[in-house]
2 protein chains.
Amino acid sequence: MDNIGEADMKYTNQRVEIIAFLREHKGHPTVDEVYDGVRKKLTRISKATVYKNLKFLSQKGLLEEVNVKGVTRFEANFVPHHHLICRKCGKMDDFQSEELFDYSMKIAEDIEGFSIDSMSTNFYGICKQCKEDTING
Amino acid sequence: MDNIGEADMKYTNQRVEIIAFLREHKGHPTVDEVYDGVRKKLTRISKATVYKNLKFLSQKGLLEEVNVKGVTRFEANFVPHHHLICRKCGKMDDFQSEELFDYSMKIAEDIEGFSIDSMSTNFYGICKQCKEDTING
DNA sequence: ATTCTAAATGATATTCATTATTATTTAAGA
DNA sequence: TCTTAAATAATAATGAATATCATTTAGAAT
């Protein structure tokens with residue numbers, strides 16, 4: 001079995017496939033996208049199982065839940081990273097910057113009343129595709 | 001009438017009160033909290049009107065919509081700021097740092113394919129209250 | 001001030017993402 | 001292999017958010 005963590009839980013095919021799918025698809029899939037993807041390998045999986053496991057695995061710290069424009073998405077990328085979010089289409093890309101991470105965490109040291117353990121920056125703007133769409137009508 | 005922007009729209013009592021409420025309550029209220037608050041002044045306001053206006057005013061750029069732990073919240077704070085988010089209770093506090101804003105936007109200049117116009121940092125950790133609750137049982 | 005009308009509201013119905021329920025199945029330890 | 005708590009599949013239930021539509025109103029025109 002592929003090691004997907006040491007948490008106290010059963011390593012069912014459903015969980016293994018859900019995590020594998022998210023590791024192969026970095027584009028912050030929605031529940032339905034995970035469901036459709038995993039169903040190619042486990043044709044009989046229930047959508048309720050996908051919902052329960054995405055929530056369960058997020059609580060266990062094996063996944064991360066994000067929300068853009070009211071849509072819930074999931075990712076399994078645990079290298080500290082930031083997000084580029086398009087105001088128009090809602091697309092969310094990852095963006096790596098150790099420099100920004102380090103700087104931000106240093107700022108966080110001075111914050112009182114909150115024990116900060118991680119951070120992530122959201123950059124907002126318009127993606128290349130949407131800009132082109134606007135120009136071309 | 002208090003100036004709440006120059007957008008092309010009717011300045012109804014409902015909209016004025018919703019914006020006023022959010023300016024007086026910086027704690028990122030939920031739809032229900034806005035509804036309960038505004039109802040003290042406009043007892044006959046419909047919750048559908050609150051929903052419609054929160055969405056409408058967000059699209060007009062007069063409010064901002066945020067999501068924590070699957071709960072939608074709104075704010076009217078347009079001074080650039082960051083968020084302190086408690087992993088346990090979901091509380092979201094604002095945190096100001098012009099320094100961090102400037103640094104991040106400078107990093108953003110080098111990003112290609114996205115025209116960045118704003119940013120906000122989310123810091124994750126445990127708030128004072130939750131830490132005390134953990135210690136005291 | 002009065003009239004006019006597109007826009008907004010209130011009340012309610014509807015939608016649909018998410019959660020709960022429950023009988024059945026299964027992972028993993030004895 | 002046996003045992004059992006945990007997980008799954010199928011489906012029902014919930015509830016946040018949206019749509020519908022008759023009524024009202026902000027703001028412009030007369």
Side-chain angles (χ1 to χ4, degrees), chain A residues 1-22 28-60 62-74 90, chain B residues 1-22 28-60 62-75 90 92:
Chain A
M1 235 290 321
D2 187 20
N3 172 35
I4 55 174
E6 50 285 318
D8 174 31
M9 61 183 232
K10 288 193 184 178
Y11 290 96
T12 61
N13 294 331
Q14 289 86 341
R15 284 179 181 164
V16 172
E17 290 301 333
I18 286 169
I19 293 168
F21 179 84
L22 281 160
H28 311 86
T30 62
V31 174
D32 281 357
E33 286 163 357
V34 174
Y35 176 58
D36 289 341
V38 171
R39 214 155 33 139
K40 285 174 187 160
K41 294 223 173 172
L42 301 172
T43 53
R44 296 185 53 72
I45 193 172
S46 161
K47 192 182 272 191
T49 299
V50 175
Y51 267 101
K52 268 181 287 188
N53 278 325
L54 287 172
K55 170 153 284 226
F56 176 86
L57 295 168
S58 296
Q59 284 167 346
K60 285 279 176 188
L62 292 167
L63 300 179
E64 215 158 297
E65 188 177 336
V66 294
N67 191 291
V68 196
K69 283 176 165 260
V71 178
T72 305
R73 297 172 178 278
F74 292 86
Chain B
M1 235 292 317
D2 186 19
N3 171 34
I4 54 175
E6 49 287 317
D8 173 33
M9 61 181 231
K10 289 192 184 179
Y11 290 96
T12 61
N13 294 330
Q14 290 86 342
R15 284 178 181 167
V16 172
E17 289 301 333
I18 285 169
I19 292 169
F21 179 84
L22 281 160
H28 310 86
T30 61
V31 174
D32 281 357
E33 285 162 358
V34 174
Y35 177 58
D36 290 341
V38 171
R39 218 158 27 142
K40 285 174 186 158
K41 296 222 171 171
L42 300 172
T43 53
R44 296 184 52 70
I45 193 172
S46 160
K47 191 182 272 192
T49 300
V50 176
Y51 267 103
K52 269 181 285 190
N53 277 324
L54 288 172
K55 171 153 283 231
F56 176 85
L57 295 168
S58 297
Q59 284 167 347
K60 284 279 177 189
L62 292 166
L63 300 179
E64 216 157 297
E65 188 176 337
V66 293
N67 190 290
V68 198
K69 281 174 169 262
V71 179
T72 304
R73 298 173 177 277
F74 292 87
E75 65 177 342
M92 181 185 234

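The chains referred to below are lettered A, B, ... by the order of the sequence lines, with proteins before strands, and numbering in each begins at 1.
As rounded to whole Å, 16 Å separates atom C1' of dT24(C) from atom CD1 of I45(A). Rounding to whole angstrom units, CD1 of residue I18(A) and C1' of dA9(D) are separated by 13 Å. In this structure, CZ of R39(A) is placed 14 Å from C1' of dA10(D), rounded to the nearest angstrom. Residue K60(B) contributes atom NZ, which lies 11 Å from atom P of dA7(C) at whole-angstrom precision. Atom pair R44(A):CZ and dT24(C):P shows a separation of 14 Å (rounding to whole Å applied). Atom OH of Y35(B) is separated from atom P of dG15(D) by 17 Å (rounded to the nearest Å).
Between D8(A) and K60(A), no side-chain nitrogen of the basic residue sits less than 4.0 Å from a carboxylate oxygen of the acidic one, so the salt-bridge criterion is not met.
For dT26(C), the OP1/OP2 oxygens have no side-chain nitrogen or oxygen of Q14(A) closer than 4.0 Å. The shortest distance between the side-chain N/O atoms of R15(B) and the OP1/OP2 oxygens of dA8(C) is below 4.0 Å.
Residues K41(A) and N13(A) form no side-chain contact, since every pair of their non-hydrogen atoms from C-beta on lies 4.5 Å or further apart. Side-chain contact check for V38(B) versus Q14(B): every heavy-atom pair is 4.5 Å or farther apart. In this structure, the side chains of T72(A) and N67(B) stay at 4.5 Å or more apart for every pair of heavy atoms.
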Counting primed atoms plus P, OP1 and OP2 as sugar-phosphate and everything else as base, spell out the protein contacts along nucleotides 17-30 of chain D at 4.0 Å heavy-atom distance: B, S or - for each nucleotide, 5' to 3'.
BBBB----BBS---
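The two residues V50(A) and I18(A) make their nearest non-hydrogen contact at CA-CD1, 4.1 Å.
If you check every strand for non-hydrogen atoms under 4.0 Å, N53(B) touches sugar and phosphate atoms only.
Distance from the side chain of F56(A) is smallest to dA7(D) among dA7(D), dA10(D), dG10(C).
Side-chain atoms of Q59(B) do not come within 3.5 Å of backbone N or O of F56(B) as any donor-acceptor pair.
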